[in-house]
Amino acid sequence: MVKNIKLVNVMAIMIGSAIMGFGINYFNIANGLAEGGIMGVSLILNYLLGWNPGVSSFLINIPLLLIGWKVMGRTSFIYAIIGAVSLSVFLYAFEFASKKLDDPLLASLYAGAFVGIGLGIVFRYGGMTDGMDVVALLCRQYWGWSLGKTLFLTDMIIIVLSLIYLDLQRAMYTLIAITVGARLIDFVQEGSYSAKAVTIISNEPDKIAAAVLQQMKRGVTFLSGKGAYTREPKEILYCVISRNETGKLKNIVKEADPDAFVIFSDAHEVVGKGWS
């Protein structure tokens, strides 16, 4: 196997692609729902020309994946190819799967869940399923946009084009599915890393830091600050904790300095030595 290509990543990308391929056949196509990105274009071509979505999606992806080769490098490009091929294969393999639901809202929720979870897994392990994912990753790299946000915006364009064969009701249900999917993409991609970044301004920084180190086994960093009103130098504490440790930290700070000023911020991704 090519150097730097991990088997666990390959397997995860294939599993995510399988979930997505099954969901598109079982819920989207069966219930007349469109989809965003290149997959949405493929569904339009399937409706207008009868082209197989698995084949057409892969053929459309080729130019964008070639761009991805230059931007991402060999390893990411190989993962992208694995994702694109896997999705095409599973779209074909699950072509028999179809579930027409009486409740279109329920169908849209299921469709969004399967696509969101599947694509989130693919993203988390470095893969892609179509060229629009390359655009999403570029937007995150250069503008800091979340993957879900970028895909949501591009999906809106595809939905407008899908009005060629969608009525307004099904277009709205498709929008619901895409919204659910976008949220789940970010949750699966970043949720497991969710943590709290904490900034503490206190007159008892040493006491609080010692308690955090001893009781919570978390690292603490001292930052230099100065009060705008008093102009006095002050040490500010900064640390990162898991969400379930928030209450414990509040108790530590309250016991050491009831007048401390504490700011909790969401940290969606934490990497580095000492964090788990």
Side-chain angles (χ1 to χ4, degrees), residues 1-30 33-47 49-98 111-141 147-148 150-151 154-155 158 178 181-182 184-185 188-189:
M1 185 169 288
V2 180
K3 185 179 180 181
N4 298 327
I5 300 299
K6 298 180 179 179
L7 180 60
V8 64
N9 288 45
V10 173
M11 295 301 297
I13 291 170
M14 294 178 67
I15 291 172
S17 299
I19 293 173
M20 185 177 177
F22 176 83
I24 289 174
N25 278 294
Y26 201 70
F27 295 109
N28 289 74
I29 297 177
L33 299 175
E35 184 52 61
I38 303 302
M39 191 67 248
V41 176
S42 297
L43 292 181
I44 295 175
L45 293 175
N46 175 258
Y47 174 80
L49 304 174
W51 292 5
N52 182 282
V55 175
S56 61
S57 63
F58 182 74
L59 293 177
I60 296 171
N61 283 328
I62 291 177
L64 289 175
L65 291 177
L66 290 176
I67 294 175
W69 164 267
K70 296 180 179 180
V71 174
M72 298 176 295
R74 176 179 297 180
T75 300
S76 296
F77 178 74
I78 292 176
Y79 284 150
I81 291 295
I82 292 172
V85 172
S86 296
L87 180 59
S88 296
V89 170
F90 287 118
L91 281 169
Y92 180 80
F94 291 124
E95 195 172 16
F96 69 91
S98 178
F114 271 79
V115 172
I117 292 173
L119 196 51
I121 293 173
V122 172
F123 279 152
R124 181 170 175 178
Y125 287 89
M128 297 178 186
T129 56
D130 67 33
M132 200 60 70
D133 302 344
V134 175
V135 177
L137 289 175
L138 288 173
C139 289
R140 185 177 70 170
Q141 179 179 349
L147 297 174
T150 304
L151 291 173
T154 55
D155 288 346
I158 305 301
I178 290 175
L184 284 173
I185 288 170
V188 175
Q189 167 78 1

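In this structure, CZ on F96 lies 9.5 Å from OH on Y26, to the nearest 0.5 angstrom. One distance of note links CD1 of I185 with CZ of R124; it measures 14.5 Å at 0.5 Å rounding. Interatomic distance, L119 CG to M128 CE, rounded to the nearest 0.5 Å: 10.5 Å. The structure places CG of L33 at 10.0 Å from CG of L43, a figure rounded to the nearest 0.5 Å. The distance from the CZ atom of F58 to the OG1 atom of T129 is 12.5 Å, given to the nearest 0.5 Å. Annotation: the span from E95 atom CD to F22 atom CZ amounts to 14.0 Å, rounded to 0.5 Å.
Listed for the N46 side chain is no donor-acceptor partner under 3.5 Å among the backbone atoms of P53.
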Got a list of side-chain donor-acceptor pairs under 3.5 Å for residues 8-19, not counting sequence neighbours?
residue: N9; atom: ND2; partner: Y125; partner atom: O; Å: 3.1
residue: S17; atom: OG; partner: I13; partner atom: O; Å: 2.8

Scan the side chains in residues 81-94 for donor-acceptor partners under 3.5 Å anywhere in the protein, sequence neighbours excluded, and list what turns up.
residue: S86; atom: OG; partner: I82; partner atom: O; Å: 2.6
residue: S88; atom: OG; partner: G54; partner atom: O; Å: 2.9
residue: S88; atom: OG; partner: A84; partner atom: O; Å: 3.1

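Legend: side-chain hydrogen bond (donor to acceptor under 3.5 Å, both in side chains) pairs involving residues 35-44, not counting sequence neighbours, sorted by first then second residue: N28-E35, S42-S56.
Partners of N25 according to the side chain to side chain donor-acceptor pair (under 3.5 Å) rule, which considers only residues two or more places apart in sequence or in another chain, do not exist here. Applying the ring pair (Phe, Tyr, Trp, His ring centres under 6.0 Å) rule to F27 yields the partners Y110, F114; only residues at least two apart in sequence or on another chain are considered.
Using a 4.5 Å heavy-atom threshold, the side chains of M20 and V122 count as separate.
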Side chain to side chain contact (heavy atoms under 4.5 Å, CB included) between I38 and L64: does it pass, once the steps are laid out? CA-CA 10 Å; I38 303 302; L64 289 175; 4.2 Å; yes
